[in-house]
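See below for the structure under consideration.
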Amino acid sequence: MAEFDLDASFIPALHKPAALLPIAKHRESLLYVVETYPITIVIGQTGSGKTTQIPQFLEGAGWCSEGQIIGVTQPRRVAATTVAVRVAEEAGCEIGKEVGYSIRFDDVTSSATRIKFLTDGLLIREALVDPLLSRYSVIMVDEAHERSISTDILLGLLKKIRKKRPKLRIIVSSATLQAGEFLKFFTYSSDEQAPKEDVEKKNDIAKIVSLEGRTYPIDILYLESPAENYLEKAIDTVFDIHTQEGEGDILVFLTGREEIDDALQAISERAAQAGSRYGAIQPLPLYAGLSTEQQMYIFDKPPEGTRKVIFSTNIAEASVTIDGIVYVIDSGFVKLRAYSPTTGIESLTASPVSKASASQRAGRAGRTKPGKCFRLYTEHYFEALPEANAPELQRSNLAPVVLQLKALGIDNVVRFDFLSPPPSELMSKALELLYALGALDEYAKLTRPLGFRMAELAVEPMMAKTLLSAQSFGCLSEILIIAAMTSLGGSVWFYHDGEQKRMESSRRKFAAEEGDHLTLLNVYTAFVTTGKKESHFCHDNHLNYKSMTRAVSIRRQLKRYLERFNIAVDESFKGDTSKKAEQIRRCLTSGNFAHAARMQPDGTYRNVEGGTVLHAHPSSLMFNRKANWVVFHEVMETGEKTFIRDITKIEKGWLLEYAPEFYKETDTRS
DNA sequence: AACAACTGC
C-alpha cells in the first residue's frame, strides 16, 4: 500500500463540531434552567461556546414555535455579524434565512429568521416600535459584564418588560465577577431591600449557570518593584522575551496612539543596534484611528523567523482578536472617558486598569497554546486595583439616554430601574440641556413633535435640534451632510507617520473661511461628486474611505427619518455654498448654543461663563486662525488641556436671538 | 501642536 502524507490528505476542520465543545454536556441542564427560571445568568469563559451554542439549543428545544424568535444582543457590530455567520454555517443554512443578523445599515434577516443576532442599541430602537419586544421568546444579552450604556439600558427595559410578559425568557451572559450583581438586580425590585442571606437560595426567578472555558494555561508574571517608566519597561520586556523565550507573537497593551508610535520607533532603533544576532522583529501598531488596510497588517503571517510584536490600545482587549499571540505585556493603564456634570466637559485620561480588564488582557495570550502575561506592575499593586471600572452610565453625558428613555415611555427617568443608578447631578444636567433645547417641557415631558423627533434621530441631541431647525433656515440639505460628517467623530482624516504636513495641505484644499462645519460640507461634496468615481481620491487627500462611505449611509438614513416627519429635503445639490453660509452658521447656533465660546487676545477661548480655558484642537481649521465668537461640536479634556473640535464662527447676537432663555442671566459682553 | 473604545432599522 502506498504511503500517504497525513498533512496532504487532511485539512483541519474550519469549526469544532458542537459536540466537542464543553458546553455540549450542559445542554439538558441549561434547557431545564431556561424552562424553569425566567432569568438565566450564564457565566461562560472564553471558548465555552455560549454565544454560538445556546441559541441553537433553544431553537432545537422549540423556543421558536408560534413564529417567535430568539434574539442575541452584542455590544459591537462586528461581533453580531461574525457570530451570526458562524452559527449559520454550523446550522447549515444560508445567512439571513433561519439564522440572521441585524445592525445599523445592514439587516440580513427574513421572515424565515428564527435566531437573530443584533447590537443591543438596535434592540432598544426596536422597543420604540414594539415596547414589549413581543416577537422574541428569548433574549440573550451577551457580554453584559462590559456594562456599556446600551446594555445597561436594555437590562432595565427587559426587567420592566418581564413584568408584563412573564413568558419572556432572559439570558444574561456575564463574567464571573458580576454574576451576583445581575442576580440581585433581577430578583428584587429597586425599592425592595435585598435580604442578607444568600440570594441564590430559594430564588425562583433567576439562576446562575457556570460553563467551563477552553483556554490554555497562562503564567502571570509581576514586577518585583514598580517600573519608573512603563513604556521603557515594555520595550525592555519585548527584547527579553525575544532573546530568551520560545516562539510566539507578542501583544503589548498601551494607552494611545502617541505612546504606540513612540514604542514603534524605540523598537526599530534598538533592533537596528542589535543587528542580526537574534531573529528579526516586526513591530506593528493597532488602534481604531488606523485605516482598515493598516489594521489588516496585524493578521498577516510574519516572514519566516520573524517575531510579530503588536502595540495596541484597548481595542485588542475585546474588539479585535489576534491568533498566535503567546506573550502579553500589560502596561496596567487604559484611557477612560469621564464626564463632569458641573462643567459639561468630557475628559479622556490614562487610568489604572481594573482587575477584570487585566485578566481579559492576560487571556489574549492563551488562545492557541499555553502563554505568558508580563504585568508591568507589582502583585501588590494588582491587588489594590478596582474589581471593575464604573459602568459607562455613571460617567457619561446622559442627555441622549434621557431622551431615549422618555421616548420609550419612561417619564420618570430618575426612578427607572438602573442596574447601577447614575449620580443625580448627571441626570439634572441632562434634563436641563434637553429643556433648553425644547425637547422637554416644564413638566419634563417629551414635547411633540420636537422632542419625539429628536429621540428618533440617531444623532446627539444638539445636532438633532440643529437638523430639525434647518428647514426654517433654508439649509436642510447642507445641515444633513454636516450632521452625518460630525457624527463620524473625527475619523475623517488620517495620515501615516511623518505625513502630517501633507495631510494638512490636503485639508486646506477643502477649507472654508467660516470654520470646520463648512469645511466638512466641502469634503463631503467633493467625495460624492468626484471621489466616488476616482478610487485614489480618498488616498490622495488623506481621507478615510470607510468613514466617508459611512457618512453617505448616515446622511441617507437621516434623510429617510426627516421624510417620515414630512420634512422634505431639497435634493438639488449646489456646489456653491457661499450664499448659504450665514444661514448654516445661524442654524448651527440654534442647536449648539450651549457650546459657545469667545476667543481671547492670547488665542485661547473661554466658554460663556468664562471659567474654562478652551483650546482649538490642532485638527481644527481654527487652530491658527482668528475668530471672535464660535460654536463647536465637541469639547474634551485630555491631560492638561481642554480642546474644542469642529468649530464655526458665529455672531454674538445670534446666541441671544436663538437661546434667549439660556443666555438671559449671563452677561455675554465680557 | 494632538483623540480609549463602542454604538443608533
Side-chain angles (χ1 to χ4, degrees), chain A residues 73-80 101-109 116 118-130 143 146-151 153-154 253-261 286-290 312-320 331 333-338 346-351 353 357 389 392 395-396 400-401 403-404 407 455-460 463-464 484 487-495 500-501 503-504 550 553-554 556-558 560-561 564 603 615-620 623-624 634-646:
Chain A
T73 71
Q74 297 290 330
R76 282 171 291 278
R77 295 160 53 94
V78 262
Y101 66 84
S102 190
I103 58 177
R104 189 184 187 189
F105 307 130
D106 196 9
D107 180 14
V108 186
T109 60
K116 173 170 165 183
L118 69 173
T119 51
D120 35 26
L122 193 50
L123 188 60
I124 297 172
R125 310 274 307 188
E126 284 189 11
L128 281 174
V129 185
D130 175 11
E143 315 289 356
E146 288 186 19
R147 303 295 306 273
S148 73
I149 290 180
S150 299
T151 305
I153 294 175
L154 182 60
F253 283 100
L254 297 176
T255 65
R257 175 181 190 151
E258 203 181 348
E259 249 175 42
I260 290 170
D261 286 345
L286 176 62
Y287 46 84
L290 293 173
S312 172
T313 60
N314 226 30
I315 192 171
E317 194 179 296
S319 309
V320 175
S331 65
F333 284 90
V334 63
K335 274 191 188 168
L336 280 183
R337 203 174 58 180
E346 274 189 340
S347 61
L348 194 58
T349 42
S351 329
V353 288
S357 269
N389 290 120
E392 233 184 333
R395 48 185 171 89
S396 304
V401 174
L403 198 55
Q404 194 161 43
E456 279 204 58
L457 292 170
V459 287
E460 294 134 82
M463 192 45 88
S487 62
L488 296 174
S491 59
V492 177
W493 310 95
F494 78 88
Y495 54 89
Q500 285 97 323
K501 285 276 178 297
M503 188 268 283
E504 272 156 36
R550 193 173 159 81
S553 305
I554 297 172
R556 193 187 303 127
Q557 190 185 51
L558 292 173
R560 270 210 312 272
Y561 271 102
R564 264 211 343 240
H615 299 261
H617 192 274
S619 71
S620 169
F623 177 65
N624 44 21
E634 195 182 53
V635 51
M636 184 167 273
E637 185 192 330
T638 58
E640 295 126 52
K641 282 184 178 172
T642 304
F643 292 103
I644 52 177
R645 250 192 23 192
D646 294 341

Protein-nucleotide distance (A:Q557, atom CD; B:dG8, atom C1'), rounded to Å: 7 Å

Residues A:E259 and A:T255: side-chain donor-acceptor under 3.5 angstrom: yes

Minimal non-hydrogen separation, A:A80 against A:I103, with atom names: CB-CG2, 3.9 Å

Whole angstrom value for the distance that separates C1' of B:dA4 from CZ of A:R395: 10 Å

Value in whole Å for how far the P atom of B:dA2 lies from CG of A:L290: 19 Å

Toward the 5' end of DNA chain B, by each residue's nearest nucleotide, A:E634 or A:V78: A:E634

Atom-pair distance (CD1 on A:I149; C1' on B:dC6), nearest Å: 10 Å

Value in whole Å for how far the P atom of B:dA5 lies from CZ of A:R257: 10 Å

Distance, rounded to the nearest Å, where A:I124 contributes CD1 and B:dT7 contributes P: 14 Å

Proximity to the side chain of A:I103 - top-ranked nucleotide from B:dC6, B:dA4, B:dG8: B:dG8

Residue A:I315, side-chain heavy atoms: nucleotide from B:dA4, B:dC6, B:dA2 that is nearest: B:dC6

Rounded distance (Å) that lies between atom P of B:dT7 and atom CD of A:E456: 22 Å

Under 3.5 Å: donor-acceptor pair, side chain of A:R550, backbone of A:L488: no

Touch class at under 4.0 angstrom, heavy-atom based, for A:E392 against every strand present: base

Among B:dC6, B:dA2, B:dG8, the nucleotide that comes nearest once only the side chain of A:S319 is considered: B:dC6

Test side chain to side chain contact (heavy atoms under 4.5 Å, CB included) applied to A:T349 - qualifying residues, sequence neighbours left out: A:S351

Nearest-nucleotide pick for A:R76, side chain only, options being B:dA2, B:dA5, B:dC6: B:dC6

Touch class at under 4.0 angstrom, heavy-atom based, for A:S102 against every strand present: nothing

Nearest listed nucleotide, side chain of A:R77, among B:dG8, B:dA2, B:dC6: B:dG8

Residues which pass ring pair (Phe, Tyr, Trp, His ring centres under 6.0 Å) with A:F333, listed by chain and number, not counting sequence neighbours: A:Y230

Which residue lies more 5' along DNA chain B, comparing A:P400 with A:T313 via nearest heavy atoms: A:T313

Out of B:dA2, B:dG8, B:dA4, whichever nucleotide has its closest atom nearest the side chain of A:L122: B:dG8

A:Q404 CD - B:dT7 C1' separation (whole Å): 10 Å

Donor-acceptor side-chain pairing of A:T151 and A:E143 below 3.5 angstrom: no

Sugar-phosphate only, base, or nothing, as touched by A:L348 at under 4.0 Å among non-hydrogen atoms: base

Side-chain N,O (A:T119) to OP1/OP2 (B:dG8) below 4.0 Å: yes

Sugar-phosphate only, base, or nothing, as touched by A:F105 at under 4.0 Å among non-hydrogen atoms: nothing

Sugar-phosphate only, base, or nothing, as touched by A:S619 at under 4.0 Å among non-hydrogen atoms: base

